[in-house]
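Take a look at the structure set out below.
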Amino acid sequence: MKFQDQFMWGTASAAYQVEGAYAEDGKGLNVWDAYTQESGHVAHGENGNVACDHYHRFREDVQTMREMGVKNYRLSISWPRVIPNGTGEVNQKGLQFYSDLVDELLANGIEPLVTLFHWDYPYALHKRGGWLNPAASDWFAEYAKVVVDALSDRVQYWMTLNEPHAGVRGLRLCHREVRTVPDAAGERSGADLP
């Protein structure tokens, strides 16, 4: 088998898996933040609260990519880092992080390829029914417009959803499993789901 000359080799990540900084600079909770805070779901109680700390170390990470000869990097955007409640007010610090990351990649000769949704769904919208809510497509369109308006002057490759086939299978499970989340004081509150 031969790959075409224009095939784009590179590396990839998901915001939740690498960024950390789960409650910093105005980021809202996502469904994984909520799910992994509940005991019994993940081995050893592990979570993405710190992860690889890419949020704080992205410049070092990009330098490592450059040293490895990486030419393309597929990253995802954390929706609740950009719009903490899923709709409404934009978190400028979150948006600036992605702008700075894109600039750093380009300055090091690495093409950014951006995925808008890689399983990083805002917990606030999950409590309103998530993807099953008829307004979900409007919520996503609002979020997508904010990100594309901010980055499309430098990003030419976009993916809407990561693994859409898996998402369709996982919707029901996701909505059944995440029901509560601890607040800043450690108190638990129930989601508005049956």
Side-chain angles (χ1 to χ4, degrees), residues 3 6-22 25 27-36 47-48 51-55 57-59 61-62 64-66 68 70-87 90-91 93-126 130-131 136-171 173-174 178:
F3 288 92
Q6 64 269 30
F7 187 85
M8 298 173 76
W9 291 97
T11 61
S13 70
Y16 180 76
Q17 295 169 351
V18 299
E19 286 178 10
Y22 91 107
D25 289 340
K27 179 189 171 290
L29 293 175
N30 66 49
V31 292
W32 284 106
D33 295 325
Y35 187 74
T36 60
N47 58 51
C52 301
D53 202 22
H54 184 63
Y55 186 80
R57 299 171 174 252
F58 74 91
R59 287 183 177 84
D61 294 342
V62 171
T64 300
M65 287 184 238
R66 184 184 56 77
M68 293 171 53
V70 170
K71 298 293 182 205
N72 302 291
Y73 177 55
R74 201 281 308 176
L75 63 122
S76 69
I77 307 291
S78 170
W79 184 345
R81 189 174 300 285
V82 174
I83 305 177
N85 292 313
T87 63
V90 173
N91 177 18
K93 287 183 179 180
L95 201 53
Q96 189 63 51
F97 165 70
Y98 295 110
S99 182
D100 291 347
L101 174 56
V102 165
D103 287 345
E104 189 73 16
L105 289 164
L106 292 170
N108 284 277
I110 302 170
E111 186 73 44
L113 297 91
V114 174
T115 299
L116 291 169
F117 181 76
H118 191 151
W119 301 92
D120 203 337
Y121 199 78
Y123 186 66
L125 297 183
H126 167 79
W131 288 117
S137 61
D138 293 332
W139 300 336
F140 185 77
E142 175 188 342
Y143 155 68
K145 181 175 181 351
V146 167
V147 175
V148 170
D149 285 352
L151 303 179
S152 64
D153 60 329
R154 291 158 288 155
V155 174
Q156 42 180 334
Y157 299 100
W158 296 87
M159 279 67 64
T160 308
L161 304 170
N162 181 71
E163 300 175 319
H165 63 287
V168 170
R169 284 194 315 254
L171 274 175
L173 174 64
C174 199
V178 181

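We count residues from 1, following the sequence as given.
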What's the separation between atom [atom1] in [X] and atom [atom2] in [Y], rounded to the nearest 0.5 Å?
{"X": "Ser78", "Y": "Trp119", "atom1": "OG", "atom2": "CH2", "result": "15.5 Å"}
{"X": "Asn108", "Y": "Lys71", "atom1": "CG", "atom2": "NZ", "result": "10.0 Å"}
{"X": "Glu104", "Y": "Ile110", "atom1": "CD", "atom2": "CD1", "result": "8.5 Å"}
{"X": "Asn162", "Y": "Arg74", "atom1": "CG", "atom2": "CZ", "result": "5.0 Å"}
{"X": "Leu105", "Y": "Arg59", "atom1": "CG", "atom2": "CZ", "result": "11.0 Å"}
{"X": "Ile77", "Y": "Ile83", "atom1": "CD1", "atom2": "CD1", "result": "11.5 Å"}

What pairs with [X] under side chain to side chain donor-acceptor pair (under 3.5 Å), at least two apart in sequence or on another chain?
{"X": "Glu111", "value": "Gln156"}
{"X": "Tyr143", "value": "none"}
{"X": "Asp103", "value": "Arg154"}

Check: Would you say the side-chain atoms of Asn91 pair up with the backbone N or O of Arg81, donor to acceptor, closer than 3.5 Å?
Finding: yes
Margin query: Tell me if a side-chain donor or acceptor on Trp79 pairs with a main-chain N or O of Gly86 at a distance below 3.5 Å.
Written below: yes
Item checked: Result of checking Leu113, Val114, Thr115 against Trp158 for side-chain contact (heavy atoms from CB on, under 4.5 Å) -> Val114
Minimum heavy-atom distance [X]-[Y], with the two atoms named:
{"X": "Ala51", "Y": "Gly20", "value": "CB-N, 3.8 Å"}
{"X": "Glu19", "Y": "Ser76", "value": "OE2-O, 4.0 Å"}
{"X": "Pro112", "Y": "Val102", "value": "CG-CG1, 4.1 Å"}
{"X": "Pro80", "Y": "Asn30", "value": "CG-CB, 3.6 Å"}

Next item on the list: Would you please name every residue forming a side chain to side chain contact (heavy atoms under 4.5 Å, CB included) with Ala136, sequence neighbours left out?
Entry: Tyr121, Trp131, Trp139
Exercise answer: donor-acceptor pairs, residues 8-17 side-chain atoms, under 3.5 Å, sequence neighbours excluded:
unit_1, atom_1, unit_2, atom_2, d
Ser13, OG, Tyr73, OH, 2.5
Tyr16, OH, Thr36, OG1, 3.2
Tyr16, OH, Gly48, N, 2.7

Show me the side-chain donor-acceptor pairs of residues 145-152 shorter than 3.5 Å, one per line, residues at least two apart or across chains.
unit_1, atom_1, unit_2, atom_2, d
Lys145, NZ, Asp149, OD2, 2.6
Ser152, OG, Val148, O, 2.8

Check: For Arg57, does the CZ atom sit with more than 12 other heavy atoms under 6.0 Å from it, leaving out its own atoms?
Finding: no
Next item on the list: Report the C-alpha separation of Trp32 and Asn47 in whole Å, then their side-chain angles, then the decisive distance to 0.1 Å, and conclude whether the side-chain contact (heavy atoms from CB on, under 4.5 Å) test is met.
Entry: CA-CA 8 Å; Trp32 284 106; Asn47 58 51; over 6 Å; no
Next item on the list: Give a yes-or-no answer on whether the side chains of Asp25 and Tyr55 include a donor-acceptor pair shorter than 3.5 Å.
Entry: yes
Next item on the list: Look at the rings of His54 and Phe58 and say which category their plane angle falls in: under 30° parallel, 30 to 60° tilted, over 60° perpendicular.
Entry: perpendicular
